[in-house]
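Quick notes on the structure that follows.
Since the structure is predicted, the reported quantities are computational estimates derived from the model, not experimental observations. Ligands are counted one by one from 1 in listed order, and the atoms in each one are counted from 1 as well.
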Amino acid sequence: MTSTPQGVIQGVEDKRSYVRGMFTAIAPRYDLLNHVLSLNIDRRWRRMAIGRLQWESAPGGTYLDLCAGTLDLAAELVRRDGFCGEVVGADFVVPMLKLGKRKHWALRPVGADALELPFSDGRFSGCTVGFGVRNLTDLRTGLREAHRVLRPGARLVVLEFGTPRPGPLRMLYLMYFKHVLPRVGRIVSKHASAYSYLPDSVQDFPDVEAFCTLLREVGFVGVGTMPLTFGIAHLFWGERQ
Ligand SMILES: C[S@@+](CC[C@H](N)C(=O)[O-])C[C@H]1O[C@@H](n2cnc3c(N)ncnc32)[C@H](O)[C@@H]1O
């Protein structure tokens, strides 16, 4: 259960409509806040996520960026030297996609729900999800859908926030994440709760081991994980058999 200054998000529909409304409202300031609040480290994390995708084995393939938002992760892939395929960016908040579309002509935004993707089985050569899975109302269904639309041997790469291991850095980070970030986020985004929802949703997300287990349960093989910046974020990957 996730709390916001307006109250507590109770059920699946509640969370779904909260997430949609919130990203629609903050869309114009989303990129700015991402880079400022992460001190630009998010750019490095995105580069590392694309580095794990193994797109070099199919540079002309069609790739899916799920929960694509303003298409930053998708743009990171299409801009790679040697990449000559296309990247479909799927998100259920169209204003986010519209803002991202101008980042590169080869991006293909599609309004779609990650829990019910309008794509055929085995269509994609790879799939990325950046800071998206934490927002899904049904994580298992979302991962199953990602698995379904990948061709055999193709890779899923998930970039998601985590929490550093116990120690002084963790305390400092949590102070920033739970107290500074929500205040700055509220002022810049002009949204009362979006940046309080962020730390709450990270706290509610499964830990690294539990998420890897879930990836295996929905059918991914070769599951791996890597902490980024002392565990503030994590990369996860797995392949469709
Ligand atoms: C934190 S943003 C991440 C955007 C982008 N991937 C990035 O790396 O900056 C999360 C995105 O997930 C989208 N999202 C959440 N639940 C979704 C769902 N069920 N289907 C499609 N998109 C969803 C939101 O609309 C939002 O754009």
Side-chain angles (χ1 to χ4, degrees), residues 2 9 12-38 40-50 52-53 63-79 87-101 103-104 107 109-119 127-146 148-149 156-162 177 181 185 189 191 193-202 204-205 228 232-236:
T2 303
I9 300 176
V12 166
E13 261 319 301
D14 217 10
K15 176 167 173 176
R16 188 184 143 86
S17 65
Y18 175 78
V19 167
R20 280 186 93 149
M22 184 256 285
F23 282 109
T24 303
I26 68 171
R29 308 246 165 173
Y30 177 80
D31 280 350
L32 172 72
L33 273 162
N34 255 357
H35 304 322
V36 169
L37 291 172
S38 77
N40 246 345
I41 297 171
D42 68 303
R43 293 185 200 269
R44 185 163 166 266
W45 293 341
R46 286 173 211 283
R47 282 198 295 276
M48 295 186 75
I50 298 304
R52 282 274 163 193
L53 189 59
Y63 289 78
L64 173 65
D65 185 27
L66 255 189
C67 299
T70 55
L71 301 168
D72 260 2
L73 201 49
E76 181 61 39
L77 175 56
V78 288
R79 287 184 191 131
V87 184
V88 174
D91 199 290
F92 69 2
V93 174
V94 173
M96 292 281 274
L97 294 172
K98 276 192 179 151
L99 285 161
K101 169 73 186 120
K103 289 177 185 166
H104 199 281
L107 294 169
V110 173
D113 192 328
L115 303 185
E116 211 175 340
L117 290 173
F119 308 120
C127 175
T128 53
V129 198
F131 309 111
V133 287
R134 178 177 36 87
N135 297 292
L136 298 178
T137 49
D138 184 341
L139 185 53
R140 186 180 291 270
T141 300
L143 293 176
R144 268 206 195 111
E145 276 293 85
R148 178 183 69 75
V149 299
L156 167 74
V157 176
V158 174
L159 170 61
E160 195 46 88
F161 284 113
F177 202 49
L181 180 142
S189 74
H191 191 280
S193 61
Y195 288 84
S196 307
Y197 163 82
L198 171 58
D200 286 350
S201 62
V202 172
D204 290 348
F205 192 67
L228 303 176
I232 291 174
H234 277 87
L235 277 182
F236 301 90

*Could you go step by step and tell me if Leu37 and Leu198 meet the side-chain contact (heavy atoms from CB on, under 4.5 Å) rule?*
CA-CA 12 Å; Leu37 291 172; Leu198 171 58; 5.9 Å; no
*Assess whether side-chain contact (heavy atoms from CB on, under 4.5 Å) is satisfied between Asp31 and Leu99, documenting all intermediate values.*
CA-CA 10 Å; Asp31 280 350; Leu99 285 161; over 6 Å; no
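Among all heavy-atom pairs drawn from Leu73 and Ala49, the shortest one is CD1-CB, 4.1 Å. Between Arg134 and Phe161, the closest heavy-atom pair is NH2-CD1, 3.7 Å.
Counting only N and O atoms by type, the side chains of Arg16 and Thr137 include no donor and acceptor under 3.5 Å apart. Under the 3.5 Å distance criterion, with hydrogens and angles disregarded, no donor-acceptor pair is assigned to the side chains of Tyr18 and Asp14.
For a heavy-atom separation below 4.0 Å, the residues in contact with ligand 1 are Val19, Phe23, Tyr30, Asn34, Arg46, Cys67, Ala68, Gly69, Asp91, Phe92, Val93, Met96, Ala112, Asp113, Ala114, Gly130, Phe131, Asn135, Leu136.
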